[in-house]
Amino acid sequence: MKREVLAFLLKAVVAACLIFGVFVCFFLVPWMVRYIARDIPALAEAAGYVYAYTGAVALPVVLALGVAWRVFDAIGKEQSFTAENARRMRLASWLALAEFFVFAAGLGLSFPLSLSHPFVLLCFLIACLFCGAASVVCHVIAQLVRQAALFKQENDLTI
């Protein structure tokens, strides 16, 4: 597969993730708040905080999607293994770790605010798992890209 096609497909995935994120933030979360508020009346009173928290959750995700877009753009330009891409992947790792802590804080705050519906807790736990895993994977990929960039640089100097 040509790099341009590969980069296009990867960017399409990023665009799809962005569209899904907009759907979750503006449609799914408000629907869930209304649905769960029937069981937990305190959630109806705290809906504004839930929406603000959703915005706090969305910020690192949008930034990470922007970083991914730039990495995939570099792949299309045959600049996959560069120090710049390694820095971008390290930034993506830190953004995923920040998201982990945002979700962990939401999980911790759901108990004292009496918002601990089992579905909400499950969503927080799954989000923490995925964010933690994404952080580790991005960090490992950053190290591998950095090492490959060094090898590429040495190879370019010897030819």
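Values below: every heavy atom of this structure, side chains too, minus hydrogens, waters and symmetry copies. One-based numbering along the sequence shown. On a predicted model such as this, the values are computed, not experimentally measured, just so you know.
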> Around atom CZ of F124, are there more than 12 heavy atoms of other residues, nucleotides or ligands at under 6.0 Å?
Replying inline: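 Atom CZ in F124 is packed in, count exceeds 12.
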Rounded at 0.5 Å granularity, tell me how far [atom1] in [X] sits from [atom2] in [Y].
X    : Y    : atom1 : atom2 : value
I126 : F103 : CD1   : CZ    : 11.0 Å
L150 : T82  : CG    : OG1   : 11.0 Å
L107 : C123 : CG    : SG    : 11.0 Å
R87  : R146 : CZ    : CZ    : 11.5 Å
L95  : L91  : CG    : CG    : 4.5 Å
F81  : L144 : CZ    : CG    : 9.0 Å

> Partners of V24 by side chain to side chain contact (heavy atoms under 4.5 Å, CB included), sequence neighbours excluded?
Replying inline: F20, L28, V29
>> Measuring centre to centre across the rings, with the benzene-like ring taken for any Trp, is F27 within less than 6.0 Å of W31?
In response: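 Judged by ring-centre distance (under 6.0 Å), F27 and W31 do not meet the cut-off.
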If Ile, Leu, Val, Met, Phe, Trp and Tyr residues are connected whenever their side-chain heavy atoms lie under 4.5 Å apart, and connections chain through other members, are [X] and [Y] in the same group?
X    : Y    : value
V14  : M89  : yes
V137 : L10  : yes
W94  : V140 : no
V145 : V136 : no

> Does the pair S80 and R3 meet the rule for a side-chain hydrogen bond (donor to acceptor under 3.5 Å, both in side chains), with working shown?
Replying inline: CA-CA 10 Å; S80 304; R3 286 187 181 257; 2.6 Å; yes
Flag side-chain contact, heavy atom, 4.5 Å: [X] against [Y]:
X    : Y    : value
S110 : L121 : yes
F119 : M32  : yes
F23  : I19  : no
I75  : F72  : yes

>> So which atom in F100 and which in C128 form the shortest heavy-atom distance, rounded to 0.1 Å?
In response: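 Distance-wise, the nearest heavy atoms are CD1-O, 3.2 Å.
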> Does any N or O in the side chain of N85 come within less than 3.5 Å of the main-chain N or O of Q79, such that one atom is a donor and the other an acceptor?
Replying inline: yes
> With no hydrogens and no angle check, is any side-chain donor or acceptor of S135 less than 3.5 Å from a backbone partner on S93?
Replying inline: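 Such a contact is found between S135 side chain and S93 backbone.
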> What pairs with Q147 under side-chain hydrogen bond (donor to acceptor under 3.5 Å, both in side chains), at least two apart in sequence or on another chain?
Replying inline: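 Scan of Q147 (side-chain hydrogen bond (donor to acceptor under 3.5 Å, both in side chains), adjacent residues dropped) gives none.
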Taking only distance into account, with no hydrogens and no angle test, what donor-acceptor pairs under 3.5 Å do side-chain atoms of residues 48-70 form with protein atoms, sequence neighbours excluded?
{"from": "Y53", "atom 1": "OH", "to": "V102", "atom 2": "O", "distance (Å)": "2.6"}
{"from": "T54", "atom 1": "OG1", "to": "V50", "atom 2": "O", "distance (Å)": "2.8"}

